[in-house]
Amino acid sequence: MSDEVRVRFAPSPTGELHVGGARTALYNWLYAKHKGGKFILRVEDTDEKRSTEENLETILRSMKWLGLDWDEGPVLQSDRLDLYNDYVSLLMSSGKAYYCFAAQEDIEEQRKEALEADENWVYRGADRELSADEVRAKLDAEEPHTVRFKVPAEGTITVNDLVQGEVTFECEHIEDFVLQRSDEKPTYHLSNVVDDIEMGITIVMRGADHLSNTPKQLLVYEALNAKLPEFAHLPLILGEDGKRLSKRHGATSVEHFRDKGYLPGAVINYLALLGWNPGDEREVFTANELSSEFTLERVNQSNPKFDLEKLSWLNGEYIKEVPAGELRPAVREALQVRGCWDEELDMERRDFFFALIELWQSRARTINELADNIAPFQTEAFAYEPAGLKEHVHGKDLLGLVEAFREALLQVDPWGQEELEATLREVAGGLDREAGDLIHATRIALVGKKSSPGIFEVLDLMGRDKSRSRLDRMIRYLRKLDTAKAKRLEQIANATGR
RNA sequence: GGCCCUAUCGUCUAGCCUGGCCCAGGACACCGCCCUCUCAAGGCGGAGACACGGGUUCAAAUCCCGUUAGGGCUACCA
């Protein structure tokens, strides 16, 4: 029990789970798995104003989707306020903390002045010196107050960090920070330390944005005479512009990537590689492989930039490798969103559905792309891509050719790729046309795009009826083109004739 | 402003601790070629980096100092 590894992820439900938080959770999870320890989920919701139930639900949903399952929790800090108050009493009675009656505005004013004067200034409460009677009187008068920690005037504090190494801070730069707010709620510095002690956390692994706060927390551990956990501060993930991740960078939430058709395994894999590497040249890992390889020694100290391009590549690798059956639920969901899902695809046309997925697996980088490509097999309500029309349809005199091909399709027997290819080439040859002209036009007719898998595979899967009906649509389009052209010619003739 | 962290191809990184094997390796992206009905996938090839300046040393991407740049903290947010 005493040497069991216990790590935690402690999000604050003030927003969705973004990639930075997800990576912190992942590293903790990997570490716990690697060491055969426990991964605990704790929710730091002591800031009532910014925390919401909805955010918490989203965070939990994202973690489950990623497969980051926790062994204990979620423990809500808002459920254990009494605990923090007990610790405040402890700190008060041992003289490590004091009531501070100073008004927040006054302190801010002083801080501002000091900053303008370029002075190094930290708050050292004058109320430290208040006598017991004076404190009693103010308390009785119900003067608003906070509880602050008595930071030593001098000395140094060294954080021995598993990732960052030894980092030393001077007490003179640390102010008397608040432990308990005037509404009697604990601040982060208190609740975080208390919970890490109470939960028996052995390694505090979190974002490097907390490194500068660590000396404060070390002071609290010391004042409490508590056993120190180890610390590991992870580099922060930056946006593609090198700036801190924020709303400006668009959607960076885990939820967003799920909606865009990314696979949880790919997201995990990508995030793991953002700040950690196995020391060799492998790039693609399952979660299990990651956890057996993961060590803090191989975590970097510099901040990586989030690269959507590489995530997409990895996602494509996953889509390519995974058996079609595993993609089925996600593709199904995406097709439902697009309104072209048919229950038959899960029943009698299941083989067809699988074949469609397989046809596009090597071409799609996201599930959404996959679904977009499959949609034309389910519905005729797709648009012809303008660039495709311009390159392969307009001005090509295709009407007779396409009509002939549509008719010839009636004779194809059996309906198969080889027969289809022979037929197409025969039709084109018979009219003294390039097979390519017909191929490109057929492609636009069948899927609306100028690129797709091999046209004979597409025809084969599309089937005779749907293929002919899509060619019909193209024929109608071509006829309209012709009439429009004839009309234009007539107008020109009239205009010039006059 | 003060304090702290970081700095290898455009990006993620290997190498740095334990100097020589590094005129720096891999991956994404990019470019070219092959395959080909198109697009992918695949195969082959190309271009591309030790931030800068000092020092230590026979020798520095690797050690030290400084500069610059980026990031973090500096809240009764976490």
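From a predicted model like this one, the values you see are computed outputs, not experimental measurements.
- The partner of B:rA27 is B:rU11, judged by Watson-Crick or G-U wobble contacts that both fall below 3.5 Å.
- Shown here, B:rG42 forms a base pair with B:rC34; the pair counts as Watson-Crick or G-U wobble because both key distances fall under 3.5 Å.
- Remark: A:Glu419 CD is packed, more than 12 non-hydrogen atoms of other residues, nucleotides or ligands lying under 6.0 Å away.
- B:rC37 atom P lies 14 Å from atom CD of A:Gln417, rounded to whole Å.
- For A:Lys310, counting side-chain heavy atoms from C-beta on, the closest listed nucleotide (B:rA40, B:rC3, B:rC12) is B:rC12.
- The interatomic distance linking A:Leu273 (CG) with B:rU11 (C1') rounds to 13 Å, in whole Å.
- Using C1' as the reference atom, B:rG42 and B:rG25 are 23 Å apart when rounded to the nearest Å.
- Close placement of the A:Trp276 and A:Phe294 rings is indicated, their centers lying within 6.0 Å of each other.
- Comparing B:rG71 with B:rC35, their P atoms sit 49 Å apart, to the nearest whole Å.
- Ring centroid separation for the pair A:Trp313 and A:Tyr318 does not come in under the 6.0 Å cut-off.
- Under the salt bridge (charged side-chain N to carboxylate O under 4.0 Å, His left out) criterion, the residue pairs touching residues 303-314 of chain A are A:Glu283-A:Lys310, A:Glu309-A:Arg365, with sequence neighbours excluded.
- The distance from atom CD of A:Gln164 to atom C1' of B:rC17 is 15 Å, rounded to the nearest whole Å.
- The salt bridge (charged side-chain N to carboxylate O under 4.0 Å, His left out) analysis of residues 101-111 of chain A, with sequence neighbours excluded, yields the pairs A:Arg111-A:Glu175.
- Judged by distance alone, the side chains of A:Arg298 and A:Asn277 do bring a donor and an acceptor atom under 3.5 Å apart.
- The P atoms of B:rG46 and B:rA40 are separated by 22 Å, rounded to the nearest whole Å.
- Judged as a side chain to side chain donor-acceptor pair (under 3.5 Å), and not counting sequence neighbours, A:Lys96 has no contacts.
- Among residues two or more places apart in sequence or in another chain, the ring pair (Phe, Tyr, Trp, His ring centres under 6.0 Å) test is passed with A:Tyr84 by none.
- For A:Phe169 and A:Leu311, each mapped to the nucleotide of RNA chain B holding its nearest heavy atom, the one lying further toward the 5' end belongs to A:Phe169.
- Among residue pairs with one or both ends in residues 392-404 of chain A, those qualifying as salt bridge (charged side-chain N to carboxylate O under 4.0 Å, His left out) are A:Glu403-A:Arg479; sequence neighbours excluded.
- When the side-chain nitrogen and oxygen atoms of A:Gln301 are compared with OP1 and OP2 of B:rU6, one or more of them lie within a distance under 4.0 Å.
- Judged as a side-chain hydrogen bond (donor to acceptor under 3.5 Å, both in side chains), the pairs with a partner in residues 147-159 of chain A (not counting sequence neighbours) are, in order, A:Thr158-A:Thr168.
- Scored by the side-chain contact (heavy atoms from CB on, under 4.5 Å) test, A:Glu44 finds A:Ala10, A:Arg42, A:Gln77, A:Tyr188, A:Asn192 as partners (sequence neighbours excluded).
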Filtered N/O pairs between nucleotides 29-34 of chain B and protein, under 3.5 Å:
{"residue": "B:rA29", "atom": "OP1", "partner": "A:Arg365", "partner atom": "NH2", "Å": "2.2"}

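- The 12-atom threshold is exceeded at CD of A:Gln110, counting heavy atoms of other residues, nucleotides or ligands nearer than 6.0 Å.
- Against RNA chain B, the stretch residues 438-460 of chain A makes heavy-atom approaches under 4.0 Å through A:Ile439, A:His440, A:Arg443, A:Lys450, A:Ser451, A:Ser452, A:Pro453, A:Gly454, A:Ile455, A:Phe456.
- Rounded to whole Å, the P atom of B:rC17 lies 22 Å from the corresponding atom of B:rG53.
- As a whole-Å value, the separation of A:Arg363 CZ from B:rC39 C1' is 7 Å.
- Between the P atoms of B:rG2 and B:rA75, the separation comes to 16 Å (whole Å).
- B:rC34 and B:rC16 have their C1' atoms separated by 40 Å, with the value rounded to a whole Å.
- Applying the ring pair (Phe, Tyr, Trp, His ring centres under 6.0 Å) criterion to A:His189, with sequence neighbours excluded, gives A:Phe177.
- A:Arg282 comes within 4.0 angstrom of nothing in the nucleic acid, heavy atoms only.
- Under the Watson-Crick or G-U wobble criterion, with both distances below 3.5 Å, B:rC58 is paired with B:rG20.
- Comparing B:rU8 with B:rU62, their C1' atoms are spaced 11 Å from each other, to the whole Å.
- When both distances must be under 3.5 Å, the Watson-Crick or G-U wobble mate of B:rG53 is B:rC65.
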*Summarise protein proximity over nucleotides 69-78 of chain B in one line of letters, 5' to 3': B for base, S for sugar-phosphate only, - for none, counting protein heavy atoms closer than 4.0 Å.*
-SSBS-SBBB

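- For the C1' atoms, the distance linking B:rA29 with B:rA47 amounts to 13 Å, nearest Å.
- Searching all strands for a Watson-Crick or G-U wobble partner of B:rC3 with both distances below 3.5 Å returns B:rG72.
- Checking A:Arg425 against A:Glu170, the closest nucleotide of RNA chain B that is more toward the 5' end is the one next to A:Glu170.
- Between the CD atom of A:Glu283 and the P atom of B:rU11 there is a distance of 16 Å, rounded to whole Å.
- Rounded to an integer number of Å, the gap from CD1 of A:Ile357 to C1' of B:rA41 is 18 Å.
- Nucleic acid contact class of A:Ser312 (heavy atoms, under 4.0 Å, all strands): none.
- Rounded to an integer number of Å, the gap from NZ of A:Lys305 to P of B:rU6 is 17 Å.
- Sorted by first and then second residue, the salt bridge (charged side-chain N to carboxylate O under 4.0 Å, His left out) pairs with a member in residues 429-443 of chain A read A:Arg433-A:Asp437; sequence neighbours excluded.
- B:rU11 atom P lies 15 Å from atom CG of A:Asn300, rounded to whole Å.
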